[in-house]
Amino acid sequence: MKRPTYTLSSIIKKVFRSGERSLPREEICSRLEASGLITGFGMDGSALLAKVLRMDQSPVRVGRSEAIIELTYQPHQLFDMAYRFVRDTHTPKTLEQIAAELRRQTQFGWNQIMRMLQLERDPRFVQYQGDARWFLAEWTLANDQVYAFCRANGITQVAARSVHHFLEQEAGVAVDAMFLPALDDRFRLDGETLYIIARDGDEEEKHAGLEAAAAVETAEEAEPEADPAEAGQTAADTIDAGLSGASRPQPTDAQQGREEQRERNETHHHHEVHEQLHFEEELSMNTVQNQSVLEEVQQLLRQALGRLEARSAEMAQEVVAHFQQSNMQAIEVLMKEKHKNEQIALGIQQVLAATEQQ
């Protein structure tokens, strides 16, 4: 069973609440056990804490005594700027992407930023196993909610380009929640389609439902048969009704004409209602399609912005290499490219801001 799982150091950071800088060792272990975050690691809270304490970039250390554990994080403007960047974009970022943004905003060099920006120590940042990006500890995870919604509504696949619209408008996922299908074996992204995969637990629920249905059917079969006298009375009532119908006078031609006209009017009315419903359905589908197209364009713009940021990070490293080789001409070419990329990125940000205001 594969599910999004925090790294060990991130689990320890999640234990600390806002404003807490140190905790008793026993309190940390107690919170770890109660949180359920260590389920599946095959170790208790004490063993997990001991393992994290031995890490090179551990977010915690032993305090004034062995009984006290404190955070190693030291406030700095770079950490605050990194936090605001990830929070405002509401998108997990790699360390290189964050460093590229800080390089643009500050006078710090690339090597300085990479050396100082140790996000492993900042309790506001967490990571999931198998994902190099940094998330905010305050963000929630929507995988369970999305899976439960899809299973309850019989949804087995969603178009990849409309996933964002589906999460917000259909599944009701909160804005600050992350959906990570790549880290969850209940989902599979194949080309342009996201598939929802049923798991063993759901099969058990299905069998339970079948058993319940069988029990209802058995109960219906066990119901007592109707009393013969009541059956005879029902048959007599049916015969009487038939005789009454036979003796009823036939309608006149005028009455029959009015009845046919009434039926034609009802048919016409039903046809108009059907046409109106069809029109409203098409209008609704067109509205959803337009929204999906807008969201797809926004997603492509964000991807383009991420590509430009990644390229800026690459150029920063290339500049260092060319500088070491005294290749000033290559550096000049890179600086021109950097200036052009920054202008394009600014334009994309303005377009995104305009679309989000609509």
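Note: hydrogens, waters and symmetry copies are ignored here, and every other heavy atom, side chains too, is used.
- In the hydrophobic cluster analysis, where Ile, Leu, Val, Met, Phe, Trp and Tyr join through side-chain heavy atoms closer than 4.5 angstrom, Leu300 is grouped apart from Ile344.
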Might you work through the ring pair (Phe, Tyr, Trp, His ring centres under 6.0 Å) test for Tyr6 and Tyr128, ending with a clear yes or no? CA-CA 4 Å; Tyr6 287 118; Tyr128 290 93; 4.7 Å; yes

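- At most 12 heavy atoms of other shown residues, nucleotides or ligands fall within 6.0 angstrom of atom CD in Glu192.
- Sequence neighbours left out, the pairs with a member in residues 109-125 that pass salt bridge (charged side-chain N to carboxylate O under 4.0 Å, His left out) are Asp80-Arg124, Asp122-Arg124.
- Nearest heavy-atom pair, Thr89 versus Lys93, reported as atom, atom and distance to 0.1 Å: OG1-CE, 3.5 Å.
- Between Glu337 and Lys340, no side-chain nitrogen of the basic residue sits less than 4.0 Å from a carboxylate oxygen of the acidic one, so the salt-bridge criterion is not met.
- Residue pairs that meet the side chain to side chain donor-acceptor pair (under 3.5 Å) test with at least one member in residues 13-22, sequence neighbours left out, are Glu20-Arg31.
- By the ring pair (Phe, Tyr, Trp, His ring centres under 6.0 Å) test, Phe85 is found to be paired with no residue, residues two or more places apart in sequence or in another chain being considered.
- In this structure, Val62 is not a member of the same hydrophobic cluster as Ile68, with clusters built from ILVMFWY side-chain heavy atoms closer than 4.5 Å.
- The salt bridge (charged side-chain N to carboxylate O under 4.0 Å, His left out) pairs that include a residue from residues 164-185 are Arg3-Asp184, Arg3-Asp185, Asp184-Arg186, Asp185-Arg199, where partners are two or more places apart or lie in different chains.
- Not counting sequence neighbours, Arg87 has no partner by the salt bridge (Lys or Arg N to Asp or Glu O under 4.0 Å) test.
- Looking at heavy atoms from C-beta onward, Phe135 lies in side-chain contact with Leu180 at the 4.5 angstrom threshold.
- The two atoms that bring Pro181 and Leu194 nearest to each other are CB-CD1, 4.0 Å, heavy atoms only.
- Considering only residues two or more places apart in sequence or on other chains, Phe108 meets the ring pair (Phe, Tyr, Trp, His ring centres under 6.0 Å) condition with none of them.
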